J.: 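The structure under discussion is supplied below as structure tokens; questions concerning it will follow.
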Amino acid sequence: MSMNNPIADMLTRIRNAGLANLETVEIDSSKIKLHITEILKQQGYIGGYITQHHQGRGILHLEMKYDAHRRPVIRGLKVLSKPGRRIYAGFENLPSVRNNYGTLIVSTSSGVITGAEARRKKVGGELICAVW
């Protein structure tokens with residue numbers, strides 16, 4: 001079965017793992033998924049990750065992170081750009097996520113970075129997803 005939107009699949013796997021209270025989740029690896037995972041780690045949404053190669057393909061193992069009441073730290077994920085409808089914004093028009101309590105992930109000419117970093121660097125780009 002072909003996958004039309006691998007980023008949406010990644011975020012859905014993370015969301016489902018949190019709802020099922022799983023310790024880890026496996027995701028097929030790619031460069032953009034690795035960059036998104038690094039941002040999630042830096043922002044404190046996941047505990048950690050490791051990359052493995054199995055039968056010629058890369059696999060990301062993400063360690064889910066939970067609060068003291070065993071609720072997932074990631075309360076919500078939203079895919080913004082889709083293959084059929086890409087969404088772009090300049091740095092002055094980047095939306096805030098949950099009144100700046102969430103994180104916007106943007107693909108720019110400087111790489112995949114957070115919305116706050118894109119504003120600071122004054123670069124716009126494709127809005128990938130929002131995490132809160």
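The basis for the numbers below is simple: all heavy atoms, side chains too, and nothing from hydrogens, waters or symmetry mates. Residues take their numbers from the sequence shown, with the count starting at 1. Just so we're clear, the structure is a prediction, and the values are computed from it rather than from any experiment.
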J.: Measure the spacing between OG of S29 and NE2 of H54 and express it to the nearest 0.5 Å.
T.: 14.0 Å

J.: Between P95 and L104, which heavy-atom pair has the shortest distance, and what is it?
T.: O-CD2, 3.5 Å

J.: Nearest 0.5 Å please: distance from the CG atom of L62 over to the OH atom of Y45.
T.: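 Taking CG in L62 and OH in Y45, the distance rounds to 14.5 Å.
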
J.: For residues I87 and V123: do they belong to one hydrophobic cluster (side chain heavy atoms under 4.5 Å, members Ile, Leu, Val, Met, Phe, Trp, Tyr)?
T.: no

J.: Linking I/L/V/M/F/W/Y whenever any side-chain heavy atoms sit under 4.5 Å apart, do L34 and L77 land together?
T.: yes

J.: Can you list the steps and then say if V25 with M64 is a side chain to side chain contact (heavy atoms under 4.5 Å, CB included)?
T.: CA-CA 7 Å; V25 62; M64 299 299 291; 4.2 Å; yes

J.: List in chain and number order the residues that pass salt bridge (charged side-chain N to carboxylate O under 4.0 Å, His left out) with R71, two or more places apart in sequence or in another chain; answer none if no residue qualifies.
T.: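 So R71 forms a salt bridge (charged side-chain N to carboxylate O under 4.0 Å, His left out) with D67.
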
J.: Between V106 and I128, does the side chain to side chain contact (heavy atoms under 4.5 Å, CB included) criterion hold? Intermediate values first, please.
T.: CA-CA 5 Å; V106 184; I128 297 175; over 6 Å; no

J.: How many angstroms lie between CD1 in I50 and NE2 in H61, if you round to the nearest 0.5 Å?
T.: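 It is 5.5 Å, given to the nearest 0.5 Å.
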
J.: I want to check something: taking the side chain as every heavy atom from C-beta on, are N5 and V79 in contact at a cut-off of under 4.5 Å?
T.: yes

J.: Does any donor atom in the side chain of S96 or Y101 lie under 3.5 Å from an acceptor atom in the other side chain?
T.: no

J.: Provide the full list of salt bridge (charged side-chain N to carboxylate O under 4.0 Å, His left out) pairs with a residue in residues 19-37, sequence neighbours left out, each pair given once.
T.: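 Every pair satisfying salt bridge (charged side-chain N to carboxylate O under 4.0 Å, His left out) with a residue in residues 19-37: E23-R70, D28-R57.
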
J.: Would L80 and I32 show up in the same hydrophobic cluster when neighbours are defined by side-chain heavy atoms closer than 4.5 Å?
T.: no

J.: Other hydrophobic cluster members with I59, side-chain heavy atoms of Ile/Leu/Val/Met/Phe/Trp/Tyr under 4.5 Å, chained?
T.: none

J.: Treating Y49 as the side-chain partner and L40 as the backbone partner, does any N or O pair qualify as donor plus acceptor under 3.5 Å?
T.: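 Such a contact is absent between Y49 side chain and L40 backbone.
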
J.: With salt bridge (charged side-chain N to carboxylate O under 4.0 Å, His left out) as the rule and sequence neighbours excluded, what pairs involving residues 34-44 come up?
T.: none

J.: Looking at every non-hydrogen atom in both residues, tell me the closest pair between G18 and P72 and how far apart they are.
T.: O-CG, 3.5 Å

J.: Taking atom CG of N93 as the centre, report whether more than 12 heavy atoms of other residues, nucleotides or ligands fall under 6.0 Å from it.
T.: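 Yes.
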
J.: Taking only residues at least two apart or on different chains, which pairs with a member in residues 106-130 satisfy side chain to side chain donor-acceptor pair (under 3.5 Å)?
T.: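 Listed once each, the pairs are S81-E126, R86-E126, E117-K121.
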
J.: I'd like to check the side-chain contact (heavy atoms from CB on, under 4.5 Å) partners of T12; sequence neighbours left out, ordered by chain and number.
T.: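 Listed in chain order: R15, N16.
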
J.: Answer yes if V73 and L60 sit in the same cluster of Ile, Leu, Val, Met, Phe, Trp and Tyr residues linked by side chain heavy atoms under 4.5 Å apart, and no otherwise.
T.: yes

J.: Closest approach of C129 and L11, non-hydrogen atoms and distance?
T.: CB-CD1, 3.6 Å

J.: Any cation-pi pair here, R75 with W132, using under 6.0 Å and within 45°?
T.: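 Relative to the ring axis of W132, which defines the angle, R75 lies outside at least one limit.
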
J.: Can you get from I113 to I46 by hopping between Ile, Leu, Val, Met, Phe, Trp and Tyr side chains that sit under 4.5 Å apart?
T.: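 They do not share one cluster, since no chain of ILVMFWY contacts under 4.5 Å joins I113 to I46.
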
J.: Write down the atom of A130, the atom of V97, and the distance for their closest heavy-atom approach.
T.: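 Answer, listing the atom of A130 first, then V97: CB-CG2, 3.8 Å.
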
J.: Let me confirm one number: the CD1-CD1 distance from I27 to I7, rounded to the nearest 0.5 Å.
T.: 11.5 Å

J.: List the steps and the verdict of side chain to side chain contact (heavy atoms under 4.5 Å, CB included) for T37 and M10.
T.: CA-CA 10 Å; T37 302; M10 171 188 177; 3.2 Å; yes

J.: May I have the step-by-step check of side chain to side chain contact (heavy atoms under 4.5 Å, CB included) for I105 and L127, ending in yes or no?
T.: CA-CA 6 Å; I105 300 178; L127 308 180; over 6 Å; no

